[in-house]
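To start, the structure under review is shown below, and the notes come after it.
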Amino acid sequence: MPDSGELADAVWPEMGRGASTVVVPVGSLEQHGPHLPLDTDTAIASAVGRALSDVLIAPAIAYGASGEHEEFPGTVSLGSQALESVLVEYGRSACRWAGRVLFINGHGGNGPALVKAVTLLRFEARDVAWVPCAVPGADAHAGRTETSLLLHLSPGRVRMSRAEPGNKEPIASLLPRLREGGMVTVSANGVLGDPTGATAAEGEQFFSALVERVTKALARWEPGPDGRLRWEPDLDGRLT
């Protein structure tokens, strides 16, 4: 039975029960400014999954909860409730034969659905967890961080000639307005941050660090109360 590779390429006689770790990227189809593709979150989560060893990488769940971006054409959102249902049923089905299921989340707006779905699945005694594509110190949306990552992963898909700064206020100060009125009320071009200084070299550093953190979390496999895999012990010995 295969213990690594693309799940979509496998045939059923190769599949056993209870051994495989299935990694499922969870992304979105939403605006990412005038310069990044709509599937940026899915592309990043999928690339992280494919960089892991000894796992089966499943086709991505490519639509998420992106209601805050719906004023921008091209965005398609399932909403949090529908995404939660999809994740629950996915986990129930895959756990009939997989030993573990790990959702790799590329879009922050999917977080509430993942917490609810994975918490339920774990209550049902299914070995499911999730992990975010989190880069320490990252800007919020379509800025330098995501642009650098895409320049490393898929440079031909980035329109750097169209890249322009967006709202550079701290995300904490923007959240009340963003939640009330959506992204368009805080950024006319859909960017939070400044992508103009992004580079592929910086993106490679971001990506390598991200893969290393997810690899360590996967090897440790210690889901917290919200089902998220903990990264590593902090100075007090607590896992974060």
Side-chain angles (χ1 to χ4, degrees), residues 23 25-52 57 59-78 104-111 131-175 177-178 181-215:
V23 170
V26 185
S28 69
L29 191 72
E30 66 182 39
Q31 73 82 23
H32 273 76
H35 65 294
L36 291 180
L38 295 168
D39 70 343
T40 289
D41 294 335
T42 308
I44 293 171
S46 296
V48 172
R50 290 190 174 93
L52 302 176
I57 177 74
I61 298 174
Y63 298 88
S66 303
E68 69 273 20
H69 297 282
E70 285 186 312
E71 292 299 318
F72 293 87
T75 299
V76 179
S77 174
L78 296 182
I104 297 184
N105 183 39
H107 170 53
N110 296 339
V131 69
C133 292
V135 176
D139 46 18
H141 186 74
R144 181 168 182 147
T145 306
E146 287 187 314
T147 303
S148 292
L149 282 166
L150 260 290
L151 283 171
H152 167 59
L153 296 171
S154 302
R157 304 184 68 210
V158 181
R159 286 83 158 173
M160 279 304 292
S161 63
R162 302 181 188 176
E164 59 188 25
N167 193 327
K168 294 186 282 186
E169 292 180 51
I171 185 62
S173 68
L174 296 175
L175 276 177
R177 284 177 285 158
L178 194 156
M183 178 68 77
V184 73
T185 64
V186 299
S187 177
N189 65 359
V191 176
L192 299 179
D194 184 356
T196 58
T199 66
E202 189 171 47
E204 183 177 13
Q205 293 176 353
F206 289 151
F207 185 72
S208 295
L210 178 55
V211 170
E212 181 179 4
R213 294 184 80 194
V214 174
T215 298

From [X] atom [atom1] to [Y] atom [atom2], the distance as rounded to the nearest 0.5 Å:
X	Y	atom1	atom2	result
Glu30	Thr42	CD	OG1	8.5 Å
Asp41	Leu149	CG	CG	10.5 Å
Arg177	Glu169	CZ	CD	5.0 Å
Leu150	Arg157	CG	CZ	7.0 Å
Ile61	Ile104	CD1	CD1	12.0 Å
Arg162	Met160	CZ	CE	13.0 Å

So does [Y] get a backbone contact from the side chain of [X], meaning a donor-acceptor N/O pair under 3.5 Å?
X	Y	result
Asp139	Arg144	yes
Ser77	Ser66	yes
Glu202	Ser148	no
Asn110	Ala65	yes
His35	Glu164	no
Thr75	His69	yes

Within a strict 4.5 Å, meaning less than it, do heavy atoms of the His141 and Ile171 side chains meet?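 Answer no - side chains too far apart.
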So which atom in Gly193 and which in Val191 form the shortest heavy-atom distance, rounded to 0.1 Å?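 Nearest heavy atoms, Gly193 then Val191: O-CG1, 3.4 Å.
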Give me the one residue out of Leu38, Thr40, Asp39 that meets side-chain contact (heavy atoms from CB on, under 4.5 Å) with His32.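 Filter result, single survivor: Thr40.
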